[in-house]
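Only heavy atoms go into these numbers, but all of them, side chains included; no hydrogens, no water, no symmetry mates.
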Amino acid sequence: MTQVCEHLSQELSDGILTLTFNRPEKKNALTQAMYGAAADAINAAQDDKNVRVILLTGAGDAFTAGNDIADFAGAGSAPREGEPPVARYLKAILYCEKPLIAAVNGLAIGVGVTMLLHCDLVYAGEAATFQTPFVNLGLVPEAASSLLLPRAIGTQKANEMFLLGRKVGAAEAERIGLVAATVPDAELMKTARAAASALAAKAPGAVKATKKLARGELAEIATRMDAESKIFGAQLQTAEFAEAASAFAEKRAPDFTKVA
């Protein structure tokens, strides 16, 4: 296993490129550097004939706690040059032509959930939990999840997750169709790698074509992703997000009653 950047590692074995969010002391919260490195790795894999399948997972007891709030608070106030790393990552998983598999260990929050909607197979350990608390943070859904999550689990369940920030356990995630299967935590990587190995042995052209057909029209997804991104970026500049970020840093509940 090699380090792509400080908090992202990769390993290529038997046609499977495993990318591991490796910041367990912070529950694998994603920084701009991690997004950029992951985007580069996925994009590079598209032209690498040695890569048949890409497997995403997290180190320690979490898949990812989502965006690093402090990192994004700073990014929201800093001048930007070029496309933000998070946007490059979301486009990388959107346009990835090779199979994407996720092995969700422990908590998956925010983008830790929404990126799964771009994966072809998702397996969860029994301890996995899924939460999209964007509104709680004064933000909005991203990664085209406002389109894809209702499609996957239905509008009512999606609204519980989006508007109420309700946490979903692994068993329920399987029942509502958010993941393909839930397995004992100790068997998670074995299960995900078995699926990846099976895919890696199949006809790559047929796999690629089937994935494309199952995904549907990417232009619609890309349009929704762009629309969300604009609103998400605007929300980063609001008093709502400032209050949410302050509350997070101070380990208290946000008070939106005084936010104009």
Side-chain angles (χ1 to χ4, degrees), residues 21 27-28 30 54-58 62-67 86 89-96 99-185 188 191-192 195-196 199 210-229 231-232 235:
F21 303 126
K27 301 296 184 183
N28 300 322
L30 298 170
I54 300 170
L55 173 61
L56 303 174
T57 193
F63 181 62
T64 172
N67 294 332
V86 61
Y89 176 72
L90 294 181
K91 286 184 179 179
I93 59 176
L94 170 62
Y95 293 112
C96 182
L100 275 171
I101 295 179
V104 182
N105 51 311
L107 57 83
I109 299 176
V111 72
V113 175
T114 62
M115 72 170 74
L116 303 178
L117 301 170
H118 298 275
C119 293
D120 304 290
L121 290 168
V122 179
Y123 297 97
E126 289 177 329
T129 59
F130 305 81
Q131 190 176 20
T132 53
F134 297 110
V135 170
N136 296 1
L137 296 170
L139 298 172
V140 298
E142 29 76 312
S145 59
S146 62
L147 174 69
L148 298 176
L149 189 61
R151 282 184 180 178
I153 68 173
T155 300
Q156 292 297 315
K157 289 296 183 183
N159 281 341
E160 280 194 323
M161 294 186 71
F162 282 145
L163 296 176
L164 297 179
R166 191 173 77 82
K167 184 183 296 184
V168 172
E172 182 179 358
E174 179 180 355
R175 186 172 68 252
I176 64 180
L178 185 57
V179 306
T182 296
V183 299
D185 294 324
L188 175 61
T191 300
L199 273 177
T210 300
K211 168 172 176 156
K212 183 177 181 180
L213 289 167
R215 287 278 279 158
E217 182 53 59
L218 292 185
E220 180 187 16
I221 301 173
T223 297
R224 180 65 64 90
M225 188 178 287
D226 288 342
E228 290 173 345
S229 179
I231 300 172
F232 193 102
Q235 283 296 121

*asked:* Check whether Thr182 reaches the backbone of Ala170 with its side chain - one donor and one acceptor, N or O, closer than 3.5 Å.
replied: yes
*asked:* Could you report the tightest heavy-atom contact between Met161 and Phe130, atom names first, then the distance?
replied: CE-O, 3.9 Å
*Main-chain N/O of Leu30 paired to Asn67 side chain as donor or acceptor, under 3.5 Å*: no
_Please check: side-chain N/O of Gln235 versus main-chain N/O of Val140, any donor-acceptor pairing under 3.5 Å?_
no
_I'd like to know whether Val104 forms a side-chain contact (heavy atoms from CB on, under 4.5 Å) with Val179, so could you lay out the CA-CA distance, the side-chain angles of the two residues, the decisive distance to 0.1 Å, and finally the verdict._
CA-CA 9 Å; Val104 182; Val179 306; 5.6 Å; no
_Side chain Thr155, main chain Pro150, donor-acceptor under 3.5 Å_ = no
_Beyond-backbone contact of Ile101 with Tyr123, side-chain heavy atoms, under 4.5 angstrom_ = yes
*Which heavy atom in Tyr95 sits nearest to a heavy atom in Ala222, and how many Å separate them?*
OH-CB, 3.4 Å
*Would you say Ser229's side chain and Met225's backbone share a donor-acceptor pair under 3.5 angstrom?*
no
*Report yes if some heavy atom in the side chain of Ile231 is under 4.5 Å from a heavy atom in the side chain of Glu228; otherwise report no.*
no
_Can a donor-acceptor pair be found, under 3.5 Å and without considering hydrogens, that links the side chain of Gln131 to the backbone of Pro133?_
no
*How about Lys211: does its NZ atom have over 12 heavy atoms from other parts shown lying under 6.0 Å from it?*
yes
*Find the distance between NZ (Lys167) and CG (Leu107) and round it off to the nearest 0.5 Å.*
7.5 Å
*Find the distance between CD (Glu160) and CD1 (Ile176) and round it off to the nearest 0.5 Å.*
9.0 Å
*Side chains of Leu148 and His118: closer than 4.5 Å at any heavy-atom pair?*
yes
*What heavy-atom pair brings Thr114 and Thr132 nearest, and what distance separates the two atoms?*
CG2-CG2, 4.5 Å
_CG on Leu178 to CG on Leu149, rounded to 0.5 Å_ = 6.5 Å
*Which heavy-atom pair separates Tyr89 from Leu56 by the least distance, and what is that distance?*
OH-CD1, 3.8 Å
*Taking the side chain as every heavy atom from C-beta outward, state whether Leu199 and Leu121 have any pair of such atoms under 4.5 Å apart.*
yes
_So which atom in Leu117 and which in Ser145 form the shortest heavy-atom distance, rounded to 0.1 Å?_
CD1-CB, 3.7 Å
_Taking Leu94's backbone N and O only, do any of them form a donor-acceptor pair with Arg215's side chain (distance below 3.5 Å, no angle check)?_
yes
_Looking at Asp185 and Ala127, would you say the former's side chain and the latter's main chain have a donor-acceptor pair under 3.5 Å?_
yes
*asked:* Could you tell me if the side chain of Asp226 sits less than 4.5 Å from the side chain of Thr223, heavy atoms only?
replied: no
*Give the ring-plane orientation class for Phe162 versus Phe134, where under 30° counts as parallel, over 60° as perpendicular and anything between as tilted.*
tilted
*Determine whether Lys27 and Ile109 make a side-chain contact, defined as any pair of heavy atoms from C-beta on separated by less than 4.5 Å.*
no
*asked:* Could you report the tightest heavy-atom contact between Asp120 and Pro99, atom names first, then the distance?
replied: OD2-CA, 3.3 Å
*Student check: side-chain heavy atoms of Lys157 and Val168 closer than 4.5 Å*: no
